[in-house]
Amino acid sequence: MARVPKVLADYAQRRGFTTKVTAVDRPSPSLLRVTFHSPSLRSRTISPCDATAFRVRGNDFRHYTPESHDPGAGTATILFHDHGRTDAPGLALIESLTPDSEIVWCGLESARGFRWTSPSATLAMGDASTLGLMAALTERVNAEGARSLVAVEVEPPDCEYVRTLLPGAVVLPADEVHGAALDEWLRDAEERIGTLAPQTVFLAGHGGSIQRQRDALRTRHGLDRRAIRTQPYWATGRTGL
């Protein structure tokens with residue numbers, strides 16, 4: 001749901017629930033964490049792959065994955081990637097949020113082919129736009145006593161913080177070519193991935209990178225295509241996903 005007819009946009013907004021911003025924090029140069037509060041967040045369960053949508057402008061929506069959820073407090077955080085594009089309506093909306101701002105969460109669910117199913121071993125890969133997802137996956141894996149391997153590529157100034165956010169993860173400085181750092185890591189990761197023997201793989205972030213990484217996991221690492229779940233968050237030359 002990037003751009004939809006007005007009647008559907010209005011309907012999605014009516015069916016959503018209003019949240020209030022309680023905190024805005026920039027833990028690293030390219031990352032912005034916003035904490036939201038709502039009574040509706042007390043009664044909901046959130047799975048690691050769930051996403052909500054914000055009406056960012058007119059009939060345009062952008063999807064975001066919660067990083068953490070505290071149902072007792074009725075709060076949830078989303079970790080946004082500040083990609084620096086001044087013409088991006090999603091980023092403009094996010095950067096306008098301050099404590100006491102109100103915003104409607106339009107839905108909260110996982111895509112049919114990208115759901116958490118409590119696998120015994122998980123491989124997850126993505127870029128800076130997926131860090132909230134990676135944090136949520138890591139928390140759930142630890143809570144369930146399962147095994148996982150997370151690999152991400154982020155802007156070099158963010159690497160130090162991301163290593164504290166995702167303990168034990170492979171954190172790579174991003175190259176000028178989207179996904180190139182993860183592509184290179186995959187070429188040398190046969191032993192690590194083979195030892196993990198992932199039951200499920202989550203690939204998220206840049207659409208073109210996901211396609212290359214999925215092909216490499218199937219051909220080089222011999223993983224079953226049915227084990228690989230993909231969710232593009234953005235694509236080169238396209239406006240919003």
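In this text the structure is predicted, and so the values were computed from the model without any measurement.
- With rounding to the nearest 0.5 Å, the separation of CG in Asp100 from CD in Glu102 is 8.5 Å.
- Listed for the Arg163 side chain is a donor-acceptor partner under 3.5 Å among the backbone atoms of Val171.
- Applying the ring-ring contact (aromatic ring centres under 6.0 Å, His included) test to Tyr11 and every residue at least two apart in sequence or in another chain returns nothing.
- Nearest heavy-atom pair across Ser209 and Gly179 is OG-CA, 3.3 Å.
- In this structure, the separation between OG1 on Thr75 and CG on Asp70 is 4.5 Å, given to the nearest 0.5 Å.
- Sequence neighbours left out, the pairs with a member in residues 167-189 that pass side-chain hydrogen bond (donor to acceptor under 3.5 Å, both in side chains) are Asp183-Arg212.
- Thr117 places a side-chain heavy atom less than 4.5 Å from the side chain of Pro119.
- Annotation: side chain to side chain donor-acceptor pair (under 3.5 Å) contacts of Thr98 (sequence neighbours excluded): Ser101.
- Under a 3.5 Å cut-off, the side chain of Ser38 and the backbone N or O of Ser40 do form a donor-acceptor pair.
- Arg15 has its side chain out of reach of Cys106: every pair of non-hydrogen atoms, C-beta onward, lies at least 4.5 Å apart.
- Hydrophobic clustering keeps Val21 apart from Leu31 (ILVMFWY residues linked when any side-chain heavy atoms are closer than 4.5 Å, directly or through intermediates).
- Using a 4.5 Å heavy-atom cutoff, the side chains of Leu137 and Val150 are not in contact.
- Looking at every heavy atom in both residues, Pro66 comes nearest to Ala51 through CD-CA, 4.2 Å.
- Arg112 meets the side chain to side chain donor-acceptor pair (under 3.5 Å) test with no other residue; sequence neighbours excluded.
- To the nearest 0.5 Å, atoms NE2 (His69) and OG (Ser47) are separated by 11.0 Å.
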(request) Please assess Leu93 against Arg57 for the test side chain to side chain contact (heavy atoms under 4.5 Å, CB included), listing each intermediate value before the final yes or no. (result) CA-CA 8 Å; Leu93 173 68; Arg57 183 181 62 187; over 6 Å; no

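- Hydrophobic clustering keeps Leu133 apart from Ile46 (ILVMFWY residues linked when any side-chain heavy atoms are closer than 4.5 Å, directly or through intermediates).
- Salt bridge annotation for Asp10-Arg14: absent, with no cationic side-chain nitrogen under 4.0 angstrom from a carboxylate oxygen.
- Judged purely by atom type and a 3.5 angstrom limit, Arg214 has no side-chain atom pairing as donor or acceptor with the backbone of Leu217.
- Put simply, NE2 on His221 and CG on Asp215 are 12.0 Å apart, with the number rounded to the nearest 0.5 Å.
- Of the possible donor and acceptor atoms, one in the side chain of Arg229 sits under 3.5 Å from a partner among the backbone N and O of Arg115.
- Leu172 and Met125 fall within a single hydrophobic cluster, where Ile, Leu, Val, Met, Phe, Trp and Tyr are joined by side-chain heavy atoms under 4.5 Å apart, directly or via other members.
- Checked against ring-ring contact (aromatic ring centres under 6.0 Å, His included), Phe114 has the following partners two or more places apart in sequence or in another chain: Phe202.
- In this structure, a donor-acceptor pair under 3.5 Å is present between the side chains of Gln199 and Ser120.
- Under the 4.5 angstrom side-chain criterion for Ile, Leu, Val, Met, Phe, Trp and Tyr, Val177 has no cluster partners at all.
- Counting only distance, with no hydrogens or angles, the side chain of Thr52 and the backbone of Gly107 share a donor-acceptor pair below 3.5 Å.
- What you find for Met134 and Ala124 is that their closest heavy atoms are SD-CB, 3.6 Å.
- In terms of modelled atom types and a separation under 3.5 Å, the side chain of His206 and the main chain of Tyr233 share no donor-acceptor contact.
- Here the side chains of Ile193 and Pro198 are in contact, with some heavy-atom distance below 4.5 Å.
- Considering all non-hydrogen atoms of both residues, Ser129 and Gly205 come closest at OG-CA, 3.8 Å.
- Interatomic distance, Trp234 CH2 to Thr130 OG1, rounded to the nearest 0.5 Å: 11.5 Å.
- Side chain of Ser110 to main chain of Asp50: a donor-acceptor pair is present (N/O by atom type, distance under 3.5 Å, no hydrogens or angles).
- Counting only residues at least two apart or on different chains, the ring-ring contact (aromatic ring centres under 6.0 Å, His included) pairs with a member in residues 25-50 are Phe36-Phe54, Phe36-Trp105.
- Pairs passing the side-chain hydrogen bond (donor to acceptor under 3.5 Å, both in side chains) check and including a residue from residues 134-146, sequence neighbours excluded, read Trp116-Glu144, Ser118-Glu144.
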(request) Under the side chain to side chain contact (heavy atoms under 4.5 Å, CB included) rule, what do Leu32 and Leu79 come out as? Steps first, then yes or no, please. (result) CA-CA 6 Å; Leu32 188 67; Leu79 187 60; over 6 Å; no

(request) Please assess Thr77 against Ser68 for the test side chain to side chain donor-acceptor pair (under 3.5 Å), listing each intermediate value before the final yes or no. (result) CA-CA 5 Å; Thr77 66; Ser68 66; 2.6 Å; yes

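- The OG1 atom of Thr65 sits 11.0 Å away from atom CG of Leu131, with the distance rounded to the nearest 0.5 Å.
- Hydrophobic clustering, with ILVMFWY side chains joined whenever heavy atoms are under 4.5 angstrom apart, groups Val24 together with Ile78.
- Within the structure, salt bridge (Lys or Arg N to Asp or Glu O under 4.0 Å) pairs that include any residue of residues 147-161 do not occur (at least two apart or interchain).
- At a threshold of 4.5 Å between non-hydrogen side-chain atoms, the residues Leu223 and Val201 count as touching.
- The side chain to side chain donor-acceptor pair (under 3.5 Å) check on Asp224 picks up Arg226, with sequence neighbours excluded.
- Neither Leu203 nor Val141 shares a network with the other; the hydrophobic side chains, linked directly or stepwise wherever heavy atoms of I, L, V, M, F, W or Y lie under 4.5 Å apart, form separate groups for each.
- The minimum heavy-atom distance linking Ala121 with Ala197 is given by the pair CB-O, 3.8 Å.
- Arg62 is listed as a side-chain neighbour of Asp60, based on a closest heavy-atom distance under 4.5 Å.
- Partners of Arg26 according to the salt bridge (Lys or Arg N to Asp or Glu O under 4.0 Å) rule, which considers only residues two or more places apart in sequence or in another chain, are Asp82, Glu95.
- The shortest side-chain heavy-atom distance between Ser148 and Leu123 does not fall under the 4.5 Å cut-off.
- A pairwise comparison of heavy atoms in Ala9 and Asn59 identifies CB-OD1, 3.8 Å as the closest pair.
- Residues satisfying the side chain to side chain donor-acceptor pair (under 3.5 Å) test with Tyr161, not counting sequence neighbours, are Arg33.
- The closest side-chain heavy-atom distance from Val104 to Arg55 is not below 4.5 Å.
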